[in-house]
Amino acid sequence: MLADDKTLARLMALAQQGDKAAYRSLLGECEIWLKRYYARKIAPHMLEDLVQETLISLHRKRASYDPKRAFLPWLAAIARYRWIDHLRKVYRTKEVELNEELAADPSDPAVAAKIGLERLMELIPEKQALAIKLVKIQGLTIAEASEQTGQSESLVKVNIHRGMKRMAAVIEEE
Amino acid sequence: MPTGFDLDSLAEELTPVKRLNANRVMLGLAVLTALGSGIVIAKLGFHNRFFDPAGTNPMYLIRGGLLLILGAASLSAVTGMAQPAVGSNRNGWRWAVAAALIVPIAAAVAALASRTPLADRLYPIHGVECLTYSIGIGLVLGAVITWWLRRGAATSPERAGTLTGLAAGSLGTLAYSMHCPHSDIVYIGLWYTLTIAVAMLAGRLIVPRMIRW
């Protein structure tokens with residue numbers, strides 16, 4: 001199981017001070033996370049290369065991480081940048097056709113939901129966060145969530161949709 | 001594919017790093033802007049109509065205030081772009097641009113409505129001087145911002161380039177405005193806007209290729 005955001009942030013803060021053991025642990029966790037992140041975004045035979053390139057970028061740009069902020073969104077920003085760069089290279093060299101479906105949605109809500117979820121919840125309106133918590137995390141049905149929150153069923157659906165969209169946007173935002 | 005890659009060797013290469021501090025670079029740029037103003041005043045003179053018992057001109061205060069807000073908002077946004085993060089709102093510059101756009105719009109309306117010939121209100125010699133000094137100072141500021149972005153991890157190079165130009169152009173114009181003797185909205189709307197637009201375009205075209213990583 002992946003370490004939580006606070007643990008990763010602590011490891012990165014230690015790594016910035018030169019703690020090699022903490023950094024090795026962090027790299028291991030990041031490798032797993034990146035493989036999942038990229039899994040649905042690129043061709044399987046390119047996955048390892050892209051993960052390695054991203055880890056090298058993480059290494060080079062480690063001074064740009066601010067330990068007062070969440071770690072995974074920072075990693076996601078680095079990963080997304082490397083991914084877009086990778087797509088650009090692939091497109092230029094015409095080695096493979098650019099997969100329109102992959103290029104269309106850089107802010108996968110499934111990934112968004114995993115990134116510093118609690119912190120992200122603080123950044124969206126309360127009603128949207130509540131609807132997402134009840135239905136997407138606690139597993140309640142729309143009807144149950146509607147009863148518990150006093151929102152109509154359609155409003156619960158709208159709040160989930162808008163909340164997920166907003167969280168995805170906030171991750172991609174710089 | 002990176003050769004000889006493994007996590008152990010990457011961890012072994014680790015050395016301590018100094019975290020980026022955006023406040024420090026913003027302070028440095030503020031000092032450089034003040035220095036630029038000092039050079040302009042020393043070379044061209046100071047038109048003090050900001051707070052003058054003999055005749056304070058509100059336009060001096062308005063143009064200075066707008067440039068300061070535009071420069072500060074865009075500078076804050078662009079320096080923050082070196083450090084990707086969630087929850088940091090960096091959209092203030094859009095509102096500052098919207099507010100500043102009132103100046104060229106008002107200038108266009110005033111020019112159309114006025115009976116004074118437009119040519120009499122443009123002072124091209126002063127305008128070119130404005131353009132030269134503002135962009136000269138802006139170049140220095142833009143170079144520092146670019147250096148800062150290269151140290152960080154800007155993930156939207158094009159936007160970072162545009163904002164570099166906007167910040168450098170606004171602060172360069174602010175530095176020059178300490179000398180600028182004109183308070184005519186048509187003059188300010190044309191030359192100040194042109195200067196900032198040129199700086200933005202240069203930033204958009206030049207900076208992205210320098211900050212890619």
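All chains are named by letter (A, B, ...) in the order of the sequence lines, taking the proteins before the strands, and each is independently numbered beginning at 1. If you're wondering where the values come from, they're calculated on a predicted model, not measured in any experiment.
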Q) Can you name the closest pair of heavy atoms from L55(A) and L7(B) and give their distance? A) CD1-CD2, 3.6 Å
Q. Which heavy-atom pair separates W213(B) from S57(A) by the least distance, and what is that distance?
A. CZ3-CB, 3.8 Å
Q: List the steps, then state whether side-chain contact (heavy atoms from CB on, under 4.5 Å) holds for T15(B) with R62(A).
A: CA-CA 10 Å; T15(B) 50; R62(A) 63 191 185 280; 3.1 Å; yes
(Q) For E13(B), I'd like to know if atom CD has over 12 heavy atoms of other residues, nucleotides or ligands within 6.0 Å. (A) yes
**Q.** Taking every non-hydrogen atom, the tightest pair across Y23(A) and A11(B)
**A.** CD2-CA, 3.6 Å
Q) Is it the backbone or the side chain of N21(B) that comes under 4.5 Å from a heavy atom of chain A, or both, or neither? A) neither
Q | Atom pair CZ/OG1 of R82(A) and T155(B) - distance to nearest 0.5 Å | A | 11.5 Å
Q.
Can you tell me which portion of F71(A) sits under 4.5 Å from chain B's heavy atoms? Options are side chain, backbone, both or neither.
A. neither
Q) Do any N or O atoms from the side chain of K20(A) and from the backbone of E12(B) form a donor-acceptor pair under 3.5 angstrom? A) yes
Q: Step through the shown structure and confirm whether more than 12 heavy atoms of other residues, nucleotides or ligands are within 6.0 Å of CZ on R94(B).
A: yes
Q.
Surrounding CZ of R121(B) (heavy atoms of other residues, nucleotides or ligands, distance under 6.0 Å), is the total greater than 12?
A. yes
Q. Side chains of P67(A) and R19(B): closer than 4.5 Å at any heavy-atom pair?
A. yes
Q. Under the 3.5 angstrom rule, does the side chain of K61(A) hit a backbone N or O of G152(B) as a donor-acceptor pair?
A. yes
Q: Tell me, out of E31(A), R60(A), Q17(A), Q16(A), who's got the most heavy-atom pairs with chain B below 4.5 Å.
A: Q16(A)
Q: Could you tell me which non-hydrogen atom of R24(A) sits nearest to which non-hydrogen atom of D8(B), and how far apart they are?
A: NE-OD1, 2.5 Å
Q) Under a 4.5 Å heavy-atom cut-off, does chain B meet the side chain of A79(A), its backbone, both or neither? A) neither
Q) Is the number of heavy atoms from other residues, nucleotides or ligands within 6.0 Å of CE (M210(B)) greater than 12? A) no
Q: Please check if atom CD in E158(B) has more than 12 non-hydrogen atoms from other residues, nucleotides or ligands closer than 6.0 Å.
A: yes
Q. If you look at every heavy atom in A154(B) and Y81(A), which pair is closest and at what distance?
A. O-CE1, 3.7 Å
Q. Counting heavy-atom pairs under 4.5 Å to chain A, which of L20(B), L14(B), L10(B) comes out on top?
A. L14(B)
Q: Heavy-atom distances under 4.5 Å only: say whether I78(A) touches chain B with side chain, backbone, both or neither.
A: both
Q | Segment of R212(B) engaging chain A (4.5 angstrom heavy-atom cut-off) | A | both
Q) With a 4.5 Å limit on heavy-atom distance, are the side chains of P84(B) and P73(A) in contact? A) no
